[in-house]
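As structure tokens, the structure follows; a few thoughts come after it.
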Amino acid sequence: MLNFKFRPTMHQKFLIKIHISTISIQSKGNITSEFIWLEALVKDTNLVIPVPVRNLQGDLVTKISTDLSENTIMVTIHQCIHGSVLQREPTSNETENLALLMAAHLIN
């Protein structure tokens with residue numbers, strides 16, 4: 001996967017992800033599922049989430065095929081959020097809270 005930060009204005013930042021589909025986990029359906037989950041988290045929680053951006057056709061994933069390669073390229077865009085990489089292992093409490101959040105979302 002390749003990531004590019006795109007800044008069309010001083011107040012807007014987006015992350016463009018290029019997913020090269022060489023394995024089934026990078027299928028359009030799997031990537032779309034992940035982005036639908038992000039949209040649901042944005043809508044249903046107060047979490048700071050990288051909001052997915054739909055293309056002009058309303059899709060979360062743009063599929064690109066070329067004659068030069070058998071691989072399919074999937075492109076996604078979402079808003080950038082300010083953050084930092086956790087420079088340590090998460091605590092057991094942090095891990096438990098994340099698991100509870102994920103479980104609660106799956107039940108609803």
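Classified by interplanar angle (parallel below 30°, tilted 30° to 60°, perpendicular above 60°), the ring pair F35/H19 is perpendicular.
Of all heavy-atom pairs spanning E39 and P52, the tightest one is CG-CG, 3.8 Å. Closest approach of L15 to K5, counting heavy atoms only: CD1-N, 4.2 Å. In plain terms, the two heavy atoms of I77 and I16 that are nearest each other are CG1-CG1, 4.0 Å. The two residues M74 and S27 make their nearest non-hydrogen contact at CE-C, 4.4 Å.
More than 12 heavy atoms of other shown residues, nucleotides or ligands fall within 6.0 angstrom of atom CD in Q12. Other residues, nucleotides and ligands contribute only 12 or fewer heavy atoms inside 6.0 Å of the NZ atom of K63.
Distance check: D59 CG to T76 OG1 gives 12.5 Å after rounding to the nearest 0.5 Å. Atoms CD1 and CD1, on I36 and I31 in that order, are 12.0 Å from each other to the nearest 0.5 Å. L41 contributes atom CG, which lies 5.0 Å from atom CD1 of I49 (distance to the nearest 0.5 angstrom). Distance check, rounded to the nearest 0.5 Å: CD of E96 to OG1 of T91 gives 9.5 Å.
One hydrophobic cluster, built from ILVMFWY side chains closer than 4.5 Å, holds both I73 and F6. Linking ILVMFWY residues whenever their side-chain heavy atoms come closer than 4.5 Å, directly or via other members, places I64 and V53 in the same cluster. Hydrophobic clustering (ILVMFWY, side-chain heavy atoms < 4.5 Å, transitive): L47 and I81 are in distinct clusters. Linking Ile, Leu, Val, Met, Phe, Trp and Tyr residues whenever their side-chain heavy atoms come within less than 4.5 Å leaves L98 and L86 in two separate clusters.
For the side-chain contact (heavy atoms from CB on, under 4.5 Å) with L60, the qualifying choice from R54, E34, K28 is R54, the only one to do so.
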